[in-house]
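If you scroll down you'll find the structure; I have some questions about it.
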Amino acid sequence: TFEPIQDSIEITPIDNITLNPNFTDTINHADFNSFTKNIFSSPIIDLSSLDTQPTPITTATPVHPYEKKKAGIGGNVLVEFLIDPNGRVVDAHIVHSSDPAFNQPTLKAIRKWTFTPGLKNGKAVWTRVRIPFEFSVNN
């Protein structure tokens, strides 16, 4: 399910791209053809270089794995992805995770997000972003 955007969501620029070599599900296969056609013909713009930053339109909250929540185990995940010029999430992958059990729920949720795309010189562009998620046992 989609939820209205919350004011607490923060999109931050990244200084250094570090990929998790142990994570294999990096591209949503339905977007693969679109991704490969467009990614090499269009530059990926840093958030700091945009005239208008992407803004979440719809979000989905990751589901806290039942066994982890029952055991009182929380955690955090940092997910990185591209926002295409249509505002869709592409190439979502985990940068850091306190527990692998949180990875799939985070990826499943982030792939449901949509954005207003970032703009550079009035044109929608590809943008790379990172968003942290926290799994709290207090919810």
CD1/I83 to CG/L47 distance, rounded to the nearest 0.5 angstrom?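 I83 CD1 to L47 CG: 7.5 Å, rounded to 0.5 Å.
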Do the side chains of L119 and V89 join up, straight or via other hydrophobic residues, at under 4.5 Å, putting them in one cluster?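 Different hydrophobic clusters.
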Can you tell me if H93 uses its side chain to pair, donor with acceptor, with the backbone of D91 under 3.5 Å?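 Yes.
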Nearest heavy atoms of A60 and A109, plus distance in Å: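 Scanning both residues, the minimum pair turns out to be O-CB, 3.4 Å.
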Side-chain touch V129/E80, heavy atoms, less than 4.5 angstrom: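 V129 does not reach E80 side chain to side chain.
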List the atom of S97, the atom of P100, and the distance in Å for their closest heavy-atom pair.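 The answer is OG-N, 4.0 Å.
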When you measure from the side chain of K120 to the backbone of V125, do you find a donor-acceptor pair of N or O atoms at a distance under 3.5 Å?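 Here the side-chain-to-backbone pair does not exist.
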In Å and rounded to the nearest 0.5 Å, what is the NZ to OG1 distance from K112 to T61?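 Between atom NZ of K112 and atom OG1 of T61 there are 10.0 Å.
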From T127 OG1 over to I44 CD1, what is the distance, rounded to the nearest 0.5 angstrom?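 That separation rounds to 9.0 Å.
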If every non-hydrogen atom of P117 is compared with every non-hydrogen atom of G87, which pair is closest and at what distance?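 Here P117 and G87 meet closest at CB-N, 4.2 Å.
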Donor-acceptor contact present, side-chain D46 to main-chain S48, <3.5 Å: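 Answer holds: no.
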Once you round to the nearest 0.5 Å, how far does OG1 of T114 lie from CG of D84?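 Rounded to the nearest 0.5 Å, the OG1-CG separation comes out at 11.0 Å.
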Going by heavy atoms in the side chains, are V77 and I94 under 4.5 Å from each other?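 V77 reaches I94 side chain to side chain.
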Only counting residues at least two apart or in another chain, list the ones meeting side chain to side chain contact (heavy atoms under 4.5 Å, CB included) with P85.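 Counting only residues at least two positions away or on another chain, P85 forms a side chain to side chain contact (heavy atoms under 4.5 Å, CB included) with A124, W126.
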Is a side-chain N or O of D51 found less than 3.5 angstrom from the main chain of N121, in a donor-acceptor match?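 Indeed, once roles are kept as given, a pair shorter than 3.5 Å links the two residues.
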With salt bridge (charged side-chain N to carboxylate O under 4.0 Å, His left out) as the rule and sequence neighbours excluded, what pairs involving residues 94-108 come up?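 Found K68-D99.
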Please determine whether side-chain contact (heavy atoms from CB on, under 4.5 Å) holds for the pair T116 and I57, giving the CA-CA distance in whole Å, both sets of side-chain angles, and the decisive distance to 0.1 Å. CA-CA 7 Å; T116 59; I57 298 171; 3.7 Å; yes
Any donor-acceptor N/O pair, S98 side chain to N76 backbone, under 3.5 Å: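 A pair under 3.5 Å: yes.
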Could you tell me which residues satisfy ring pair (Phe, Tyr, Trp, His ring centres under 6.0 Å) with F81, sequence neighbours excluded, listed by chain and number?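 Expected list: F115.
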H64 side chain vs I73 backbone, donor-acceptor pair below 3.5 Å: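 Between the backbone of I73 and the side chain of H64 there is a qualifying donor-acceptor contact (under 3.5 Å).
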Donor-acceptor check, side chain of T106 to backbone of F102, threshold 3.5 angstrom: yes or no?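 Looks like yes, one N/O pair under 3.5 Å.
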